Structure formats: structure tokens, C-alpha cells
Amino acid sequence: MSDLDFYAHVAARGDVLGVGIGAQPAEWETTLGADCLDTEDGSLLRRDYGLVELSFQEEGGAWHASG
């Protein structure tokens, strides 16, 4: 898959390798691996995989991908 095809897929479908908005951090780690940088600030978590950067919001004790 070319870079452009990857970007178009993510923009159109909102997922990376089948994992998308609403998924837990563990689901992303299973799919993309543990090699990432996590930055937590209160109820917000940013996970940076380099090409892919995710935002999670904590609600009711669970983290859900929000962007």
C-alpha cells in the first residue's frame, strides 16, 4: 500500500489495520505493537507511533480512542 493509499484509507474509514475510533489502547498495541511514546495528561492520553498518532479519552475508568 502506498503512503497516499494509506492516508486515504484512514481518512475514509477511520481505522488502521482494522482498529479504529473507540478502540482501547490494548487493541491498538496488539495491532501496532508496543513501540510507541505515551503522554498522559489527566483524562487524555496521546500515543505516538511515528506515522500514526492517537488520542484517547478516559470515561468511566476505560480509555477509548477519540482521534
Side-chain angles (χ1 to χ4, degrees):
M1 176 182 293
S2 73
D3 290 350
L4 184 57
D5 288 337
F6 173 78
Y7 298 134
H9 174 90
V10 172
R13 297 189 180 177
D15 71 49
V16 175
L17 300 173
V19 181
I21 299 298
Q24 301 277 326
E27 294 175 77
W28 286 98
E29 189 168 321
T30 298
T31 302
L32 299 179
D35 189 21
C36 61
L37 172 67
D38 283 345
T39 306
E40 189 175 339
D41 184 14
S43 64
L44 299 175
L45 170 68
R46 183 179 65 88
R47 178 167 282 183
D48 189 350
Y49 282 97
L51 179 61
V52 175
E53 185 174 307
L54 306 162
S55 298
F56 297 89
Q57 178 129 12
E58 183 183 22
E59 295 178 8
W63 293 92
H64 300 280
S66 58

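No experiment lies behind these values; they were computed from the predicted model shown. Side chains are part of it too, since the values below use all heavy atoms of this structure and drop only hydrogens, waters and symmetry mates.
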Shared hydrophobic cluster, [X] / [Y] (ILVMFWY, side-chain heavy atoms < 4.5 Å):
| X | Y | result |
| --- | --- | --- |
| W63 | V52 | yes |
| L4 | M1 | no |
| F56 | L17 | yes |

Task: Minimum heavy-atom distance A65-G20, with the two atoms named - done: CB-O, 3.9 Å

Task: Distance-minimising heavy-atom pair for D48 and G50 - done: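 It is OD1-N, 2.7 Å.
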
Open item on the list: Taking the side chain as everything from C-beta on, heavy atoms only, tell me whether V16 gets closer than 4.5 Å to Y49.
Closed with: no

Task: Side-chain heavy atoms of P25 within contact of L45, under 4.5 Å - done: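 Side chain of P25 against side chain of L45, heavy atoms only: contact under 4.5 Å found.
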
Task: Residue pairs passing the side chain to side chain donor-acceptor pair (under 3.5 Å) test where at least one lies in residues 12-30, sequence neighbours excluded - done: H9-D15, Q24-H64

Run the side-chain donor-acceptor check on residues 34-42: report pairs under 3.5 Å with partners two or more places apart or on a different chain.
residue, atom, partner, partner atom, Å
D38, OD1, R47, NE, 2.7
D38, OD2, R47, NH2, 3.0
T39, OG1, R46, NH2, 3.4

Task: Which residues share a side chain to side chain donor-acceptor pair (under 3.5 Å) with S2, sequence neighbours left out - done: D5

Task: Euclidean distance, L44 CG relative to S66 OG, rounded to 0.5 Å - done: 7.0 Å

